[in-house]
Amino acid sequence: MSEFAFPGISGTYPVWVRNNTVAEVVNGLLEHGYEGAFVVTDSNVQSSVLDDGVTCPVFVCEPGESSKSHERLFELERWLAQQRANRQSVVVAIGGGVVGDLAGFAAAVYMRGVAWVNCATSLIAMVDSSLGGKTGIDLPEGKNLVGSFHDPASVVINPRWLSTLSDRDLKSGLAEVIKYTVLLDAKRFEGLESWISGAMSRDEDTLEEIIAFSIKSKASIVGGDPLDRRGQRAMLNLGHTVGHAIEAALGYQGMLHGEAVAVGMVLEAQIGEAIGFTQPGTSDRIREAVRAAGLPAELPREIQIADLERAMEADKKNVVGGVSLALVPSIGEFGVVQNVPADILHKVVTEQ
Ligand SMILES: NC(=O)c1ccc[n+]([C@@H]2O[C@H](COP(=O)([O-])OP(=O)(O)OC[C@H]3O[C@@H](n4cnc5c(N)ncnc54)[C@H](O)[C@@H]3O)[C@@H](O)[C@H]2O)c1
Ligand SMILES: [Zn+2]
């Protein structure tokens, strides 16, 4: 089992990859000086991951993005107050990205900030959302518009928790793994097939390898830019400008995040090729990798192109008016292109 020191806002925090039960994690925290532990989870994770040994108070929300709302946050804050959680307490998120973002944000603002530990149970959470200190909720106007940087005291990842995750959610997480290889590691990109088949059969060694690679990849990007100010973290946006726009144009229904990112990586590579920034053939290679993981590579039929283009223009990361994209010159390299011409964007999304 392994431990990684992840770069945070002030110093590093540990990310443990090991076969702990939730009760072992919670009891370990209480033995280490926290006066009370307050678990936050969703109903799927409660029935599949929480064990009988968990005796501390548990807040259970509905599974899914709708729990990243002010309403749910308000309920959670009031619950913490009613349970008499205090500055010596620890909030323990046990779940995927939704639970981590919600519980982490509650921990950031409750009593001006209390400690929290993130137990990541989905592949997206293990390879991406639990790492990097971003917490928050959605507004009707857009995703993740309210939030805070609040590093966890630690992150705990037990690859065995993935045994109950649906195949579809597992594949969705693989999209983020493919993203790291496209950005950072051409050799791993070539070897993706064995990772994908090992992950789909829930082979523990493969899952551990994938998780370790992802933690190191994200750490290498976040380390130079923990507060997302210098532009380095923009790398992580590969596939996401188009991906987020797809999710928004579909009203956050019908496509999972990783599925939208998979399509986004293919289309963004096509845009890169069309403006002469990306080596020709790159989008075909990404398309093949995405398909091998059972992820979609094309826009869904029901999407309205006008909605998609509007969402891309509204992307909160555009800095100079036009659409800016994180693009790869070739597999394993990275760049940012600002002000991508609207006619090229239009041509690619209509002719893909
Ligand atoms: N904070 C960040 O840096 C960051 C980064 C990427 C994504 N995110 C956020 O993460 C969210 C997406 O994450 P997600 O895909 O994990 O969503 P999620 O939390 O909704 O989990 C996906 C589904 O899997 C279920 N689940 C999770 N673990 C399980 C397990 N072990 N067994 C059975 N079922 C399980 C959940 O109940 C849910 O139905 C989005 O809200 C996104 O904005 C945040
Ligand atoms: Zn993502």
Side-chain angles (χ1 to χ4, degrees), residues 6 8 21-22 40-51 60-69 72 93-105 107-108 116 118-139 142-152 155-180 183 202 207 214 218 221-222 226-228 233 235-244 246-248 252 255-265 295 326:
F6 200 88
T21 63
V22 171
V40 182
T41 191
D42 72 25
S43 52
N44 287 339
V45 177
Q46 182 189 35
S47 55
S48 41
V49 176
L50 261 68
D51 49 292
V60 184
C61 62
E62 291 273 299
E65 192 67 27
S66 62
S67 283
K68 275 174 60 175
S69 64
R72 207 58 66 243
I94 301 170
V98 164
V99 166
D101 281 7
L102 172 71
F105 188 44
W116 74 296
N118 197 347
C119 298
T121 66
S122 71
L123 189 59
I124 285 214
M126 294 181 185
V127 302
D128 189 3
S129 68
S130 70
L131 311 162
K134 286 188 178 178
T135 70
I137 55 169
D138 304 331
L139 292 181
K143 257 183 75 138
N144 299 327
L145 286 181
V146 176
S148 167
F149 285 94
H150 187 49
D151 283 332
V155 174
V156 182
I157 295 173
N158 179 348
R160 288 187 187 160
W161 288 333
L162 294 175
S163 63
T164 50
L165 188 72
S166 70
D167 281 351
R168 193 173 169 202
D169 280 300
L170 191 85
K171 289 178 195 166
S172 180
L174 286 174
E176 303 287 359
V177 179
I178 296 173
K179 179 187 78 175
Y180 294 132
L183 281 171
R202 321 281 160 139
L207 288 169
S214 302
K218 189 152 180 186
I221 298 167
V222 168
L227 289 169
D228 205 357
R233 268 182 97 143
M235 275 172 96
L236 293 166
N237 232 26
L238 185 86
H240 282 64
T241 304
V242 171
H244 282 153
I246 294 172
E247 290 183 279
Y252 301 97
M255 243 187 172
L256 297 180
H257 176 68
E259 294 169 343
V261 169
V263 178
M265 285 191 288
L295 287 159

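What you are looking at is a predicted structure, and each value in this text was computed from that prediction instead of being measured. Every number for a ligand or one of its atoms is a count from 1 in the order of the listing.
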K.L.:
I'd like to check whether D101 has a polar contact with ligand 1, where a contact means an N/O of the residue lying under 3.5 Å from an N/O of the ligand.
P.N.:
yes
K.L.:
Tell me which protein heavy atom sits closest to atom 23 (C) of ligand 1, plus the residue, atom name and distance to 0.1 Å.
P.N.:
D169 OD2, 3.6 Å
K.L.:
Residue-level breakdown please: for V98 versus ligand 1, do any non-hydrogen atoms fall below 4.0 Å on the side chain, on the backbone, on both, or on neither?
P.N.:
both
K.L.:
Main chain of L131, side chain of K218: is a donor-acceptor contact present, judged purely on distance under 3.5 Å?
P.N.:
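Indeed, once roles are kept as given, a pair shorter than 3.5 Å links the two residues.
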K.L.:
Looking at I94, is its backbone amide N or carbonyl O close enough to the side chain of T121 to form a donor-acceptor pair, meaning the two atoms are under 3.5 Å apart?
P.N.:
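Not a single qualifying donor-acceptor pair exists.
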K.L.:
Which is it for L123 and ligand 1 at heavy atoms under 4.0 Å: side chain, backbone, both or neither?
P.N.:
neither
K.L.:
Going by the order shown, which atoms of ligand 1 are within less than 4.0 Å of some heavy atom of K68?
P.N.:
9 (C), 40 (C), 41 (O), 42 (C), 43 (O)
K.L.:
Does only the side chain of V49 get under 4.0 Å from ligand 1, or the backbone, or both, or neither? Count heavy atoms.
P.N.:
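Only the side chain of V49 comes within reach of ligand 1.
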K.L.:
Tell me: protein heavy atom nearest atom 26 (N) of ligand 1, and distance?
P.N.:
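Nearest neighbour among protein heavy atoms for atom 26 (N) of ligand 1, to 0.1 Å: L165 CD1, 3.6 Å.
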K.L.:
For atom 12 (C) of ligand 1, which of S129, G147, C61, G97 has the closest heavy atom?
P.N.:
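Comparing heavy atoms across S129, G147, C61, G97, the nearest one to atom 12 (C) of ligand 1 lies in G97.
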K.L.:
Which bit of H257 gets closer than 4.0 Å to ligand 1, counting heavy atoms only: side chain, backbone, both or neither?
P.N.:
neither
K.L.:
For ligand 1, indicate whether the residue K143 contacts it via side chain, backbone, both or neither (heavy-atom separation under 4.0 Å).
P.N.:
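Side chain only.
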K.L.:
Determine yes or no for a side-chain-to-main-chain donor-acceptor pair under 3.5 angstrom, with K68 supplying the side chain and N144 the backbone.
P.N.:
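Not at all, since once roles are kept as given, no pair shorter than 3.5 Å links the two residues.
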K.L.:
Quiz question: by atom type and distance under 3.5 Å, do the side chains of H257 and E65 form a donor-acceptor pair?
P.N.:
no
K.L.:
How far is atom 31 (N) of ligand 1 from the closest protein heavy atom, and which atom is that?
P.N.:
W161 O, 2.9 Å
K.L.:
What are the two closest heavy atoms between A125 and G97, and how far apart are they?
P.N.:
CB-N, 3.9 Å
K.L.:
Does the D101 side chain pair with the main chain of T135, one donor and one acceptor, at a distance under 3.5 Å?
P.N.:
no
K.L.:
For the residue pair M126 and A120, what are the closest heavy atoms and their distance?
P.N.:
CE-O, 3.2 Å
K.L.:
Among all protein heavy atoms in this structure, tell me which lies nearest to atom 36 (C) of ligand 1, with the distance rounded to 0.1 Å.
P.N.:
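Protein heavy atom at minimum distance: D42 OD2, 3.4 Å.
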K.L.:
Quick test: of every protein heavy atom, which one is nearest to atom 21 (O) of ligand 1, and how far off is it to 0.1 Å?
P.N.:
G96 CA, 4.2 Å
K.L.:
Does R72 pair with E62 as a salt bridge, N-O distance under 4.0 Å?
P.N.:
no
K.L.:
What are the two closest non-hydrogen atoms of G258 and S172, and how far apart are they?
P.N.:
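Looking at all heavy atoms of both residues, the closest pair is N-OG, 2.9 Å.
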K.L.:
Could you give the side-chain donor-acceptor pairs of residues 156-165 under 3.5 Å, partners two or more places apart or in another chain?
P.N.:
| from | atom 1 | to | atom 2 | distance (Å) |
| --- | --- | --- | --- | --- |
| N158 | OD1 | R160 | N | 2.9 |
| N158 | ND2 | N20 | O | 2.8 |
| R160 | NE | E204 | OE1 | 3.4 |
| R160 | NE | E204 | OE2 | 3.0 |
| S163 | OG | R160 | O | 3.0 |
| T164 | OG1 | W161 | O | 3.4 |

K.L.:
Short list, please: which atoms of ligand 1 are under 4.0 Å from a heavy atom of P63?
P.N.:
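Reading through ligand 1 atom by atom, the close ones are 37 (O), 39 (O).
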K.L.:
Grab the two heavy atoms, one from V222 and one from G132, that are nearest each other, plus how far apart they are.
P.N.:
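So the two residues come closest at CG1-CA, 4.4 Å.
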K.L.:
With sequence neighbours excluded, what pairs up with Y180 under the ring pair (Phe, Tyr, Trp, His ring centres under 6.0 Å) test?
P.N.:
none
K.L.:
Which residue and non-hydrogen atom of the protein lie closest to atom 16 (O) of ligand 1, and at what distance in Å?
P.N.:
S122 OG, 2.5 Å
K.L.:
Quick check on salt bridge (Lys or Arg N to Asp or Glu O under 4.0 Å): which of D128, D151, D228 does K134 satisfy it with?
P.N.:
D228
K.L.:
For the Zn ion (ligand 2), how many protein N, O or S atoms lie at less than 2.8 Å?
P.N.:
3
K.L.:
At a non-hydrogen distance cut-off of under 4.0 Å, which region of L162 contacts ligand 1 (side chain, backbone, both, or neither)?
P.N.:
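L162 to ligand 1: no contact under 4.0 Å from either part.
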K.L.:
Provide the closest heavy-atom pair for L102 versus S69 in the form atom of the first, atom of the second, distance.
P.N.:
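L102 and S69 have their closest heavy atoms at CD1-O, 4.5 Å.
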K.L.:
Should G95 be counted as touching ligand 1, given the test is an N or O pair under 3.5 Å?
P.N.:
no
K.L.:
In this structure, does ligand 1 have an atom that sits under 4.0 Å from one of the heavy atoms of S48?
P.N.:
yes
K.L.:
Please classify the I124 to ligand 1 contact at 4.0 Å (heavy-atom distances, strictly less than): side chain, backbone, both or neither.
P.N.:
side chain
K.L.:
Can you tell me the protein heavy atom closest to atom 40 (C) of ligand 1 and the distance?
P.N.:
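Result for atom 40 (C) of ligand 1: E65 OE1, 3.3 Å.
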K.L.:
Just so I know, are the side chains of P63 and N44 near enough to count as touching, which here means a heavy-atom distance under 4.5 Å?
P.N.:
yes
K.L.:
Give the numbers and elements of all ligand 1 atoms closer than 4.0 Å to a heavy atom of N144.
P.N.:
43 (O)
K.L.:
Of the protein's non-hydrogen atoms, which lies at the shortest distance from atom 32 (N) of ligand 1, and what is that distance?
P.N.:
T164 OG1, 2.7 Å
K.L.:
Does R233 have any salt bridge (charged side-chain N to carboxylate O under 4.0 Å, His left out) partners at least two apart in sequence or in another chain, and if so, which?
P.N.:
none
K.L.:
Under 4.0 Å from a heavy atom of N44: which atoms of ligand 1 are those, numbered in the order shown and with their elements?
P.N.:
36 (C), 37 (O), 39 (O)
K.L.:
Could you pull out the closest heavy-atom pair between D42 and V60, with the gap in Å?
P.N.:
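That closest heavy-atom pairing would be C-CG1, 3.7 Å.
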